Amino acid sequence: RLSEKMRSKFIVFGLLAGALFTGVIATLGATFVWENGEHYAIYYTVRGQMGDAITAEAGLRWDEQTYGVDSDDQLGPRLNVAWRLSDRTRLLASWGRFQQFQGIEELPVEDGVSEFSRAQQADHAIVGLEHSFEHGVALRVEAYDKHYRRPQTRYENLYDPLSLAPELRWDRVAIAPDSAVAQGLEWLLTLHPDDGWNAWASYALARVRDRVEGRDVRRSWDQTHTLNAGLTWDSGPWSATLGNTFQSGYVDVLPDGNGNLRRVSSMSLWDLQGTYRGWKNVALTVGVKNLLDTDPPQSNQGNSFQVGFD
C-alpha cells in the first residue's frame, strides 16, 4: 500500500504523463484551421425625461464580422425605463435583443469544428423594483426572462466531465439545441448603517432549459437555488469580511456509467478575509477560503478519482 506522500506523487506524475501523451496524440491527429478577418461595431443611444418621474433610454447596436458566415451582421435594439414611484421607490424595466457571435479565437477546433456558426440571438426582458428603507436598508428585486434562438452547439462529456482532455474521451457528445429559455427571480438586501458595519444577502431562483428535438431538457449546470450573505466591519485602515455561499442540490442530467442519475446534495461554504490599508497606495489582504474545511458533496460518478462537486 502506498503512503499518502507517495500516492500524491504518483497521482501528479500520472497527470503530467497523461497530459504529455495527450499533447503528442492531439498534435499528430490535429486538423489545422487558418482564418483571418475583422469585427466592426457601432452603438447609438439616446436618453430623455418623460415628465418628472420617468427616465427612458433607447439604443441600437450593429455588429459585423468579415470571417465565418457570409454577411452575418447583427442588429440589437435596447430599451430601458426607470419610473420613480416615490422618493424611496423606483420601478425598472428593460428589453433588449443581444447577439453573441464567435470570436475568431473561439472556434472549437478541438472538437473537430472547422466552420464558424451564426451568431446566437437572445431577447432579454427584465423587471425590477428598488426601495430604500430607513437606517440604511435597501432592497432590490428583479425578475428576468431570456429567450435564445440559434444557440451554438456545445460539447459535454456524459460520464467523466472532469477529464483533463475531455475532447479525447469516448463519451464526448454534441448538444445542439433548437432554442433555449432562461428564467429567474433575484433579490438583494443591503444594510449600510453609520457604525462601521455593513451586511448583505442575496437569493437567486433560476431555471434554464434547452429545446432539443421537441423536448425541454435541463442544462447540466442549471442551479435552482443560490444564496449569498456577508458581513463587513470597517475601522480606520482595518476591515474584515465574513461571507457564506449556499447552493442547492440537484440531479445531474448526465448519468453515470450504469445509466443512474447523479444526485448531488447542497453545498454551503464560509469564507473570511481581512484587509489593512495603512500604507500609501498599498493594501494587504489575507483570507481563508472554505473556513470550515467543508468537503464538497459527492455524486455517484465513478469513472474518475476526481469524484465530487464541480
Side-chain angles (χ1 to χ4, degrees), residues 42-62 75-100 121-149 180-209 222-236 238-248 266 268-271 273 275 277:
I42 298 175
Y43 181 73
Y44 177 78
T45 184
V46 58
R47 178 183 297 180
Q49 290 287 134
M50 301 172 63
D52 296 331
I54 298 178
T55 302
E57 179 184 78
L60 181 65
R61 181 185 176 98
W62 171 80
L75 282 176
R78 292 95 188 267
L79 177 64
N80 303 300
V81 178
W83 184 7
R84 184 164 52 85
L85 301 178
S86 68
D87 292 339
R88 293 179 176 270
T89 306
R90 288 200 311 162
L91 180 64
L92 308 172
S94 65
W95 177 88
R97 173 162 293 175
F98 298 86
Q99 318 271 359
Q100 181 62 54
Q121 185 181 101
D123 290 338
H124 295 194
I126 303 174
V127 177
L129 181 69
E130 294 180 345
H131 183 76
S132 298
F133 300 90
E134 296 180 352
H135 309 297
V137 180
L139 175 66
R140 180 187 180 101
V141 180
E142 285 188 349
Y144 64 85
D145 183 82
K146 304 178 182 180
H147 289 259
Y148 299 85
R149 286 184 290 274
V181 176
Q183 298 168 322
L185 176 69
E186 300 178 357
W187 62 258
L188 172 65
L189 181 67
T190 57
L191 173 62
H192 297 288
D194 298 327
D195 56 0
W197 291 90
N198 299 293
W200 73 93
S202 66
Y203 169 75
L205 173 66
R207 178 180 183 272
V208 184
R209 297 291 186 273
D222 185 22
Q223 185 67 55
T224 305
H225 303 282
T226 303
L227 178 65
N228 292 279
L231 180 66
T232 298
W233 167 78
D234 285 290
S235 179
W238 296 95
S239 66
T241 300
L242 176 66
N244 174 260
T245 299
F246 172 83
Q247 294 181 342
S248 65
S266 60
S268 179
L269 296 178
W270 290 90
D271 300 323
Q273 176 179 291
T275 302
R277 296 184 175 88

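Quantities reported herein were computed from a predicted structural model and do not represent experimental measurements. The residues of the chain are indexed from 1 along the displayed sequence.
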With no hydrogens and no angle check, is any side-chain donor or acceptor of N244 less than 3.5 Å from a backbone partner on L269?
-> yes
Compare all side-chain heavy atoms of R97 with those of R78 and state whether any distance is below 4.5 angstrom.
-> no
Taking every non-hydrogen atom, the tightest pair across H135 and L191 | O-CD1, 3.6 Å
Test T226 against Q247 for side chain to side chain donor-acceptor pair (under 3.5 Å), laying out the working first.
-> CA-CA 5 Å; T226 303; Q247 294 181 342; 5.0 Å; no
For atom CH2 of W62, is the number of surrounding heavy atoms from other residues, nucleotides or ligands below 6.0 Å larger than 12?
-> yes
Have T241 and T232 got a donor and an acceptor in their side chains that come within less than 3.5 Å?
-> yes
How long is the span from the CG atom in D234 to the CH2 atom in W197, to the nearest 0.5 Å?
-> 10.0 Å
With sequence neighbours excluded, what pairs up with E57 under the side-chain hydrogen bond (donor to acceptor under 3.5 Å, both in side chains) test?
-> R47, N80
Starting at CG of L242, measure out to CG of L231 and round the result to the nearest 0.5 Å.
-> 6.5 Å
Compare every heavy atom of S202 with every heavy atom of L227, then report the nearest pair and how far apart it is.
-> CD1-O, 2.9 Å
State the CG-CD1 distance between L75 and I42, to the nearest 0.5 angstrom.
-> 10.5 Å
Quick check: are there more than 12 heavy atoms from other residues, nucleotides or ligands sitting under 6.0 Å from CD of Q99?
-> yes
Would H124 and Y144 count as a close aromatic pair, with their ring centres under 6.0 Å?
-> no
Report yes if the distance between the aromatic ring centroids of H131 and F133 is under 6.0 Å, otherwise no.
-> yes
Worked check of side chain to side chain donor-acceptor pair (under 3.5 Å) between D123 and H147 | CA-CA 5 Å; D123 290 338; H147 289 259; over 6 Å; no
Within 6.0 angstrom of R277 CZ, more than 12 heavy atoms from elsewhere | no
Interatomic distance, CG@L205 vs OG1@T224, rounded to 0.5 Å, equals 7.5 Å
Grab the two heavy atoms, one from V141 and one from W187, that are nearest each other, plus how far apart they are.
-> CG2-CB, 3.9 Å
Taking S86 for the side chain and T89 for the main chain, is one N or O donor matched with an acceptor at less than 3.5 Å?
-> yes
Show your working on side-chain contact (heavy atoms from CB on, under 4.5 Å) between T190 and V137 and close with a plain yes or no.
-> CA-CA 6 Å; T190 57; V137 180; over 6 Å; no
Kindly check if the number of other-residue, nucleotide or ligand heavy atoms within 6.0 Å of CH2 (W233) is above 12?
-> yes
Nearest heavy-atom pair of L91 and G128: which atoms, and what distance?
-> CD1-O, 3.3 Å
Is any side-chain heavy atom of R61 less than 4.5 Å from a side-chain heavy atom of Y44?
-> no
With the side chain counted from C-beta on, respond yes when L92 and L129 share a heavy-atom pair under 4.5 Å apart, and no when they do not.
-> no
Distance (rounded to the nearest 0.5 Å) between S94 OG and E142 CD = 7.5 Å
Is there a side-chain contact between L139 and L188, using heavy atoms and a 4.5 Å cut-off?
-> no
Output yes when a side-chain donor or acceptor of S248 lies under 3.5 Å from a complementary backbone atom of H225, and no otherwise.
-> yes
Should the pair K146 and Y148 be classed as cation-pi, given the thresholds of under 6.0 Å to the six-membered ring centre and 45° from the axis?
-> no
Nearest heavy-atom pair of Y43 and T45: which atoms, and what distance?
-> CE2-CB, 3.7 Å
Basic-acidic side-chain contact under 4.0 Å: R84, D52 | no
When rounded to the nearest 0.5 Å, the distance separating CZ of R207 from CG of L185 is 14.5 Å
